[in-house]
Number of protein chains: 2
Amino acid sequence: MRLSTRGHYGLKAMFDLAQHYGTEPIPLKSVAVRQNLSEHYLEQLIARLRKAGLVKSVRGAQGGYILAREPGKITVGEIIRALEGPIAPVDCVKEVEPKECNQADYCISRIVWTRVRDSIAEVLDSISLADMCRDAEKIHHQNRDFDQKRGG
Amino acid sequence: MRLSTRGHYGLKAMFDLAQHYGTEPIPLKSVAVRQNLSEHYLEQLIARLRKAGLVKSVRGAQGGYILAREPGKITVGEIIRALEGPIAPVDCVKEVEPKECNQADYCISRIVWTRVRDSIAEVLDSISLADMCRDAEKIHHQNRDFDQKRGG
DNA sequence: GGAAATCCGAGTATTTTAGTATGAATTGAA
DNA sequence: TTCAATTCATACTAAAATACTCGGATTTCC
């Protein structure tokens with residue numbers, strides 16, 4: 001029940017772009033440095049995100065990537081699906097093209113996995129990049145206040 | 001975001017044992033036939049379940065496996081954790097021994113994965129084998145009624 | 001004793017993961 | 001116009017995980 005690094009790293013990258021939304025295109029190299037990820041590997045991930053229409057690229061010097069829509073209009077669910085494919089604890093309950101199983105009529109575990117799938121999707125689809133940015137702001141302030149109290 | 005066959009098949013096996021709860025020990029071979037799984041592979045899965053205290057074994061001829069507790073007292077969550085380890089979309093939010101990450105203080109995606117983890121756990125921990133047996137009964141009746149109406 | 005089972009450890013083909021490597025194409029700026 | 005920064009594309013690969021199979025030892029009912 002584990003995400004691969006594609007979804008894990010890809011979300012970090014998209015969050016990074018969200019935090020710089022509204023400025024110039026962000027080169028992947030700077031994302032890689034800030035998020036401590038391999039630049040070459042990130043290239044492959046961002047390619048999927050571009051093909052899914054979630055980011056736009058600007059080629060050449062001073063180029064980079066920008067979100068295709070404002071952060072409030074991109075959900076974590078879209079990002080994860082673009083990177084990892086349809087959400088599905090098991091293949092027979094995939095969101096699209098579920099794999100047919102000859103026991104489908106009476107398979108009870110299917111009911112369990114459908115509920116798990118829906119519960120995951122509900123969480124992921126309810127969180128936007130803008131939400132994450134707000135969380136980041138909050139934590140930033142908390143940390144600052146904490147440091148001040150300690151006399152830092 | 002996918003379960004391995006361990007959790008997938010293991011739950012089917014436990015459900016099979018639940019449906020036969022209260023009778024003699026059930027040999028793995030019959031479980032394998034009914035659920036259409038490899039017997040040898042099931043052996044490995046049931047070993048984990050036994051070590052986790054979810055099933056008891058009876059060795060020798062006429063032996064087999066029985067649930068260690070009544071079906072209402074065994075949740076899907078326990079079964080999945082026994083087979084797949086702690087629930088964790090990513091390692092840094094594992095239910096036990098989360099893997100430390102040097103960005104933990106300000107990593108926002110962690111918040112997302114914690115919510116996903118909790119949401120999965122809530123579903124799995126809320127479903128018992130007895131619940132699954134009830135669902136099976138319901139579906140069985142539905143199918144029978146449907147067949148009758150069709151004049152089967 | 002023999003058959004039916006569990007128990008145990010080793011082996012293995014395939015797939016997935018998590019990248020690396022190489023280089024071509026594009027474009028802003030000096 | 002050249003250079004450097006950047007995206008884009010494809011191929012490759014080491015390591016790990018997956019999903020088993022295999023062989024045999026042990027236990028126990030009949």
Side-chain angles (χ1 to χ4, degrees), chain A residues 1-13 16-17 20 23-33 35-68 80 83-85 88-91 99, chain B residues 1-13 16-17 20 23-33 35-68 80 83-85 88-91 99:
Chain A
M1 209 61 143
R2 187 162 291 138
L3 208 69
S4 77
T5 55
R6 282 197 296 278
H8 189 181
Y9 297 173
L11 178 59
K12 286 192 178 201
D16 193 289
L17 294 185
H20 294 86
T23 65
E24 338 77 57
I26 310 297
L28 216 47
K29 183 167 190 172
S30 70
V31 174
V33 168
Q35 304 294 326
N36 193 29
L37 304 169
S38 149
E39 184 188 348
H40 276 304
Y41 190 38
L42 258 193
E43 275 182 14
Q44 295 179 24
L45 307 186
I46 203 101
R48 293 183 187 227
L49 294 165
R50 183 169 47 81
K51 283 166 190 159
L54 296 175
V55 299
K56 285 180 199 159
S57 66
V58 178
R59 300 189 68 168
Q62 275 65 52
Y65 293 92
I66 52 178
L67 296 183
I80 295 306
L83 291 164
E84 306 252 346
V90 299
D91 277 344
K99 192 174 156 199
Chain B
M1 208 64 145
R2 187 163 290 136
L3 208 69
S4 77
T5 55
R6 283 197 295 279
H8 189 181
Y9 297 173
L11 178 59
K12 285 190 181 205
D16 194 287
L17 294 185
H20 295 86
T23 67
E24 338 75 59
I26 311 296
L28 216 46
K29 184 167 190 172
S30 70
V31 175
V33 168
Q35 303 294 327
N36 192 30
L37 302 171
S38 148
E39 184 187 349
H40 274 304
Y41 190 40
L42 259 192
E43 273 182 15
Q44 295 180 21
L45 307 186
I46 204 100
R48 293 182 187 228
L49 294 165
R50 183 170 47 81
K51 282 165 193 162
L54 296 175
V55 299
K56 285 181 199 160
S57 64
V58 179
R59 300 189 67 169
Q62 276 66 51
Y65 293 91
I66 51 178
L67 296 183
I80 295 304
L83 292 163
E84 306 252 346
V90 299
D91 278 343
K99 192 174 156 197

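Heavy atoms only: backbone and side chains are in, while hydrogens, waters and symmetry mates are out. Residue numbers begin at 1 in each chain, while the letters A, B, ... track the order of the sequences.
Following rounding to the nearest Å, M1(A) (CE) and dT18(D) (P) show an atom-to-atom distance of 14 Å. We find that CG of L42(B) is positioned 12 Å from C1' of dA19(D), with the value rounded to whole Å. Between the P atom of dC8(D) and the NZ atom of K29(A) lies a distance of 17 Å, rounded to the nearest Å. The CG-P distance, from L45(A) to dA9(D), rounds to 15 Å in whole Å. As a whole-Å value, the separation of E24(B) CD from dC30(D) P is 12 Å. Distance, L83(B) CG to dT18(D) C1': 14 Å, rounded to whole Å. Between the P atom of dA17(D) and the CZ atom of R6(B) lies a distance of 10 Å, rounded to the nearest Å. In this structure, R48(A) places its CZ atom 11 Å from C1' of dT17(C), rounding to the nearest Å.
Taking side-chain N and O atoms only, R50(B) has a distance below 4.0 Å to OP1 or OP2 of dC7(C). The side chain of R59(A) places no N or O atom within less than 4.0 Å of a non-bridging phosphate oxygen (OP1 or OP2) of dA25(C). Side-chain nitrogen and oxygen atoms of Y65(A) include none within less than 4.0 Å of the OP1 or OP2 phosphate oxygen of dT6(D). Residue S38(B) has a polar side-chain atom (N or O) positioned under 4.0 Å from OP1 or OP2 of dT21(D).
Judged by distance alone, with hydrogens and angles left aside, Q44(A) brings a side-chain donor or acceptor within reach of the base of dT20(C), the pair sitting under 3.5 Å. At a cut-off of 3.5 angstrom, counting only N and O atoms as typed in the model, there is a donor on one side and an acceptor on the other between the side-chain of E43(B) and the base of dC8(C). Under 3.5 Å, the side chain of E39(A) and the base of dT6(D) form no donor-acceptor pair of N or O atoms.
Residues I80(A) and M1(B) are not in side-chain contact: their nearest non-hydrogen atoms beyond the backbone lie 4.5 Å or more apart.
Among the atoms of the strands shown, only primed sugar atoms or phosphate atoms (P, OP1, OP2) are found under 4.0 Å from some heavy atom of L28(B).
In terms of modelled atom types and a separation under 3.5 Å, the side chain of S38(B) and the main chain of Y41(B) share a donor-acceptor contact. Of the possible polar contacts, one joining the R6(A) side chain to the L83(A) backbone as a donor-acceptor pair under 3.5 Å is found. When atom types are taken as modelled, the side chain of E84(A) and the backbone of S4(A) share a donor-acceptor pair closer than 3.5 angstrom. Not one N or O on the side chain of R50(A) forms a donor-acceptor pair closer than 3.5 Å with the backbone of V55(A).
Along DNA chain C, the nucleotide nearest Y41(A) and the nucleotide nearest Q62(A) are compared for position; the residue whose nucleotide lies closer to the 5' end is Y41(A). Summary of the strand contacts: S57(A) and A61(A) both lie near DNA chain D, and taking for each the nucleotide with the nearest heavy atom, the more 5' one is attributed to A61(A).
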